[in-house]
Novice: 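Have a look at this one.
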Amino acid sequence: EAQVTQNPRYLITVTGKKLTVTCSQNMNHEYMSWYRQDPGLGLRQIYYSMNVEVTDKGDVPEGYKVSRKEKRNFPLILESPSPNQTSLYFCASSLRGRGEQYFGPGTRLTVT
Amino acid sequence: GENVEQHPSTLSVQEGDSAVIKCTYSDSASNYFPWYKQELGKGPQLIIDIRSNVGEKKDQRIAVTLNKTAKHFSLHITETQPEDSAVYFCAASNYGGGSNYKLTFGKGTLLTVNP
């Protein structure tokens, strides 16, 4: 089944404790992206990757890092999480040159 | 950058009625306009999309219209059913026009279909 998977689905952590949210797709998509969803703000892009070893900032990159060492994986790293990073995070992927983006099920992160 | 406005923020209809959600965008370079449906606890799922060279597209009970001159596009759902209840997002993108296929989303519409 073609899909985007994220782990963990739920995470509660404390300020400053490094964490990684994994994202994996099995559709051989070149393009991958991370979004965060906040009430009243919709979805906003954090980082994106056009292909392996090619990443760039989206609209709200502060406090986040990403890497793209393999085509299928695009982890989101929070080196020192803060409460304002409490949010619902979505990973998405797309076949390069096509518009359709496929979203993962989301990761709900709470930073206390 | 692109800005997408979406209205209304909430919409309640009776089963069988039609529902219309409207969006406007600011960047005339945008050429791809998808609509996503997000059910509780799930990620957004593409339900229909339209590209800038097309004025209207239909898929069973769902249709999308695009007015490039006015920079607005709309989602129309006919014969609504309770399972249509969800949050709907419009989005705009200039895919192929640069290095980022970023989707700029509207803030969403909570649609409730009452049996």
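In what follows, every chain begins at residue 1, and chains take the letters A, B, ... in the order their sequences are listed. Note that the structure is predicted; figures quoted are calculated from it, not measured.
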Novice: Check this for me: Arg108(A), atom CZ, are more than 12 non-hydrogen atoms of other residues, nucleotides or ligands nearer than 6.0 Å?
Specialist: no
Novice: Ser33(A), Gly42(A), Cys91(A), Ser49(A): which one forms the most heavy-atom pairs within less than 4.5 Å of chain B?
Specialist: Gly42(A)
Novice: For residues 70-83 of chain A, pull every pair meeting side-chain hydrogen bond (donor to acceptor under 3.5 Å, both in side chains), keeping only residues two or more places apart or in separate chains.
Specialist: Ser24(A)-Arg72(A), Ser24(A)-Asn73(A), Asn28(A)-Lys71(A), Lys65(A)-Glu79(A), Glu70(A)-Asn73(A), Ser82(A)-Asn84(A)
Novice: Which bit of Gln37(A) is near chain B, if near means a heavy-atom gap under 4.5 Å: side chain, backbone, both or neither?
Specialist: side chain
Novice: Is it true that a side-chain atom of Asn51(A) and a backbone atom of Tyr31(A) form a donor plus acceptor pair closer than 3.5 Å?
Specialist: no
Novice: List the steps, then state whether side-chain contact (heavy atoms from CB on, under 4.5 Å) holds for Gln6(B) with Ile21(B).
Specialist: CA-CA 7 Å; Gln6(B) 181 172 348; Ile21(B) 303 170; 3.7 Å; yes
Novice: Would the number of heavy atoms belonging to other residues, nucleotides or ligands and lying under 6.0 Å from CD of Glu56(B) be above 12?
Specialist: yes
Novice: Give me the contact list for residues 60-72 of chain B versus chain A, heavy atoms only, anything under 4.5 Å, ordered by residue number.
Specialist: none
Novice: Under 4.5 Å between side-chain heavy atoms, counting indirect links through other Ile/Leu/Val/Met/Phe/Trp/Tyr residues: same cluster for Val21(A) and Tyr102(A) or not?
Specialist: no
Novice: Can you sort out the partners of Tyr64(A) under side-chain hydrogen bond (donor to acceptor under 3.5 Å, both in side chains), two or more places apart, ordered by chain and number?
Specialist: Arg36(A), Tyr89(A)
Novice: Decide if the gap between the ring center of Tyr47(A) and the ring center of Phe74(A) is smaller than 6.0 angstrom.
Specialist: no
Novice: Verify the ring-centre separation between Phe33(B) and Phe73(B): is it less than 6.0 angstrom?
Specialist: yes
Novice: Is it true that a side-chain atom of Thr55(A) and a backbone atom of Ser67(A) form a donor plus acceptor pair closer than 3.5 Å?
Specialist: no
Novice: Looking only at heavy atoms, which of residues 37-50 of chain B get nearer than 4.5 Å to chain A?
Specialist: Gln38(B), Gly41(B), Lys42(B), Gly43(B), Pro44(B), Leu46(B), Asp49(B)
